[in-house]
**Q** 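What follows is a structure written as structure tokens; I'll ask about it next.
Numbered from 1 within each chain, the chains take letters A, B, ... in sequence-line order.
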Number of protein chains: 2
Amino acid sequence: MKEGPNLAAVAALLGDPARANMLTALMDGRALTATELAHEAGVTLQTTSGHLARLEAARLLRVEKQGRHRYFRLSGEDVAEVLEGLMGLAARTGHLRAKPGPKDPALRQARICYDHLAGDMGVWAFDRLRAKGIVAGHDRHVHVTQEGRAFFARLDIDVEALAHERRPLCRVCLDWSERRYHIAGAIGSQFLRKLFEKGWARREKDSRIVHFTPNGRQDFSKLLA
Amino acid sequence: MKEGPNLAAVAALLGDPARANMLTALMDGRALTATELAHEAGVTLQTTSGHLARLEAARLLRVEKQGRHRYFRLSGEDVAEVLEGLMGLAARTGHLRAKPGPKDPALRQARICYDHLAGDMGVWAFDRLRAKGIVAGHDRHVHVTQEGRAFFARLDIDVEALAHERRPLCRVCLDWSERRYHIAGAIGSQFLRKLFEKGWARREKDSRIVHFTPNGRQDFSKLLA
DNA sequence: ATCATGCTTCGGTTACTACCGAACTATGAA
DNA sequence: TTCATAGTTCGGTAGTAACCGAAGCATGAT
């Protein structure tokens with residue numbers, strides 16, 4: 001009783017449908033304006049403004065001013081992880097959406113989680129990266145191996161440069177649909193970007209869903225074979 | 001927008017202070033009666049009854065009837081994990097309790113998480129178990145090694161028998177205070193039980209806090225040296 | 001300067017829900 | 001049977017907060 005951090009305060013913030021929709025919209029790692037988020041949540045701009053102020057005060061969101069726009073994004077990967085965790089619990093406890101939506105299977109297949117690949121494809125890719133010895137390690141402390149650096153270099157990803165950024169190079173992130181891990185961090189971000197650059201996959205407009213082209217899927221499989 | 005499981009519905013359940021207090025009280029894995037939970041949450045029995053009905057309907061709690069008592073417990077380890085995750089976010093985002101409470105340091109040191117050891121000591125123990133080759137593996141898929149079976153056998157823990165239970169033998173669980181993993185599952189549960197049996201540690205009454213005796217701490221260190 | 005756009009603040013309404021008192025059901029003990 | 005304990009259901013109250021319209025800034029374009 002009354003021990004530890006104030007769980008209820010944070011959960012209550014996530015518990016409002018409008019705020020939850022805004023946060024979900026930000027799960028793909030993009031930064032969105034207040035107007036865009038208002039549209040996502042289906043409420044007016046002034047209501048949105050109030051919600052965003054509260055989320056920012058709680059440090060769940062980070063804001064960047066650019067001209068007369070204010071861009072909001074999740075304050076960190078850990079926020080995205082908790083959101084995914086809650087989705088997992090919602091799915092497991094049968095608390096699905098009233099109207100499940102036809103997009104759900106596609107969402108389970110492949111989606112953006114913050115800025116990296118999640119879903120069935122994301123988990124599969126992570127498994128392959130490990131099986132091929134490109135990454136190794138325990139728990140959250142996964143690292144890119146020497147062979148891994150060569151592998152990423154062939155994709156024009158400079159691991160050395162990424163390693164010097166403030167952001168963790170290589171992390172794992174729990175998947176709500178698979179309940180297993182996929183790769184995150186700077187490497188996860190760059191890896192996904194390459195998929196788009198190569199034209200192997202594209203993102204559905206205004207959605208977290210990622211679509212692979214038939215050829216892209218094949219080339220991706222070959223890359224990680 | 002409106003993709004994936006209904007995150008807000010679950011979060012709203014966790015967002016009420018009374019319900020959050022009840023769930024927190026159940027984090028130590030015990031099963032408590034409605035009356036006990038009413039006391040924990042600081043509300044009357046009839047209010048509690050309503051909350052518990054909702055939590056059970058959402059499959060966050062499981063109930064067992066025994067005579068005229070109804071014992072409530074968390075429906076699974078995953079619920080405890082999400083609660084710990086939310087606590088981590090609350091701590092990280094500065095959303096601490098209004099009155100931090102003098103017990104917080106003790107809680108960070110060693111506490112019960114569902115039915116296994118968490119906090120600084122829990123994370124340390126898990127590190128040692130891995131360093132000694134008692135457990136090995138990646139991610140959530142950790143396993144007890146051959147040497148590990150011998151190690152646990154010396155503690156009168158029959159890994160073979162536990163492995164045949166429905167419950168996962170060896171899992172990991174994320175720690176809100178350390179933001180690192182500790183050991184859970186049937187092994188984690190038995191391991192903690194041994195600490196109590198040996199008198200190395202005892203649990204504080206009506207709390208998740210675990211106190212190690214001076215000798216117990218020494219013997220525990222020696223065991224995992 | 002004037003206008004348009006993006007966002008915030010203020011005020012009032014509405015809807016929700018946590019809460020408790022009181023009455024009721026169910027199980028067990030004497 | 002009678003009483004006590006554990007818990008649920010019902011009804012009414014009260015506090016909260018989500019919501020929008022309107023007005024008010026602030027920045028950028030013309």
Side-chain angles (χ1 to χ4, degrees), chain A residues 1-2 6-26 30-73 95 98 206, chain B residues 1-2 6-26 30-73 95 98 206:
Chain A
M1 48 174 175
K2 283 169 198 138
N6 194 352
L7 151 67
V10 178
L13 279 175
L14 309 182
D16 175 77
R19 283 192 295 265
N21 282 338
M22 294 176 198
L23 291 167
T24 304
L26 292 169
R30 285 180 302 180
L32 299 180
T33 64
T35 307
E36 288 168 322
L37 287 167
H39 184 250
E40 286 288 340
V43 292
T44 62
L45 186 55
Q46 61 268 32
T47 300
T48 302
S49 178
H51 285 311
L52 292 174
R54 292 185 60 184
L55 289 172
E56 200 205 338
R59 305 273 185 109
L60 293 174
L61 294 185
R62 197 155 45 84
V63 63
E64 290 160 31
K65 281 193 84 161
Q66 261 179 41
R68 50 187 165 179
H69 295 271
R70 296 189 72 202
Y71 283 93
F72 292 88
R73 61 172 78 244
H95 237 109
D206 292 330
Chain B
M1 52 174 174
K2 286 169 195 133
N6 194 352
L7 150 68
V10 177
L13 279 174
L14 309 181
D16 175 76
R19 283 192 293 265
N21 282 339
M22 294 177 198
L23 290 166
T24 304
L26 292 170
R30 286 179 302 181
L32 299 180
T33 64
T35 307
E36 287 168 323
L37 287 168
H39 185 250
E40 287 287 342
V43 291
T44 61
L45 186 54
Q46 60 269 33
T47 300
T48 302
S49 179
H51 285 311
L52 292 174
R54 292 184 60 184
L55 289 172
E56 201 206 338
R59 306 272 185 109
L60 292 174
L61 294 186
R62 197 153 46 83
V63 62
E64 290 158 32
K65 282 195 84 160
Q66 261 180 42
R68 50 185 166 177
H69 295 272
R70 298 188 71 201
Y71 283 94
F72 293 87
R73 60 171 77 244
H95 238 110
D206 293 330

**Q** Pair B:Leu60, B:Leu14 - check side-chain contact (heavy atoms from CB on, under 4.5 Å), show working.
**A** CA-CA 10 Å; B:Leu60 292 174; B:Leu14 309 181; 4.0 Å; yes

**Q** Identify all pairs in which a protein N or O lies below 3.5 Å from an N or O of nucleotides 17-20 of chain D, and state each distance.
**A**
| from | atom 1 | to | atom 2 | distance (Å) |
| --- | --- | --- | --- | --- |
| D:dA18 | OP1 | A:Arg19 | NH2 | 3.4 |
| D:dA18 | OP2 | A:Arg19 | NH1 | 3.3 |
| D:dA18 | OP2 | A:Arg54 | NH1 | 2.9 |
| D:dC19 | OP2 | A:His51 | NE2 | 2.7 |
| D:dC20 | OP2 | A:Thr44 | N | 3.0 |
| D:dC20 | OP2 | A:Thr44 | OG1 | 3.0 |
| D:dC20 | OP2 | A:Thr47 | OG1 | 3.0 |

**Q** A:Arg70 has an atom CZ; how far is it from atom C1' of D:dC25, in whole Å?
**A**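 Rounded to the whole Å, the gap is 13 Å.
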
**Q** Nearest whole Å is fine: how far is D:dT27 P from A:Glu64 CD?
**A**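 Checked: the CD to P distance equals 17 Å.
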
**Q** Could you state the interatomic distance from CZ (A:Arg73) to CG (A:Leu61), rounded to the nearest 0.5 Å?
**A**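 Output value for this atom pair is 11.0 Å.
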
**Q** Given atom CE of B:Met22 and atom C1' of D:dG7, what is their separation to the nearest angstrom?
**A** 13 Å

**Q** With rounding to the nearest 0.5 Å, note down the distance linking OG1 in A:Thr48 to CG in A:Leu37.
**A**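 Reported value, rounded in 0.5 Å steps: 7.5 Å.
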
**Q** What are the two closest non-hydrogen atoms of B:Pro17 and A:Ala8, and how far apart are they?
**A**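 Closest approach of B:Pro17 to A:Ala8: CA-CB, 3.9 Å.
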
**Q** Nearest 0.5 Å, what's the NZ-OH distance between B:Lys65 and B:Tyr71?
**A**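 If I round to the nearest 0.5 Å, the distance is 13.5 Å.
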
**Q** In B/S/- notation, 5' to 3', how is nucleotides 23-30 of chain C contacted by protein heavy atoms closer than 4.0 Å?
**A** ----BS--

**Q** To the nearest angstrom, how far is A:Tyr71 atom OH from C:dT5 atom P?
**A**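 One finds 16 Å between P of C:dT5 and OH of A:Tyr71, rounded.
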
**Q** CG of A:Leu32 versus P of C:dC7: gap in Å, rounded?
**A** 11 Å

**Q** So how far is it from A:His51 NE2 to A:Glu56 CD, rounded to the nearest 0.5 Å?
**A**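 It is 15.0 Å, given to the nearest 0.5 Å.
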
**Q** Nearest whole Å is fine: how far is C:dC7 C1' from A:Glu56 CD?
**A**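 About 13 Å, once rounded to whole Å.
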
**Q** Would you compute the distance between atom CG of A:Leu45 and atom OG1 of A:Thr35 and round it to the nearest 0.5 angstrom?
**A**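 Between atom CG of A:Leu45 and atom OG1 of A:Thr35 there are 5.0 Å.
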
**Q** For A:Thr33, answer base if it contacts any base atom (sugar-phosphate contacts may also be present), sugar-phosphate if it contacts only those atoms, and nothing otherwise; contact means non-hydrogen atoms under 4.0 Å.
**A** sugar-phosphate

**Q** Write down the distance between NE2 (A:His69) and P (C:dA4), rounded to a whole number of angstrom.
**A** 17 Å

**Q** Would you compute the distance between atom NE2 of B:His39 and atom OG1 of B:Thr33 and round it to the nearest 0.5 angstrom?
**A** 11.5 Å

**Q** Quick check: closest heavy atoms across B:Arg19 and B:Ala12, and the distance to 0.1 Å?
**A**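 Taking every non-hydrogen atom into account, NH2-O, 3.4 Å.
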
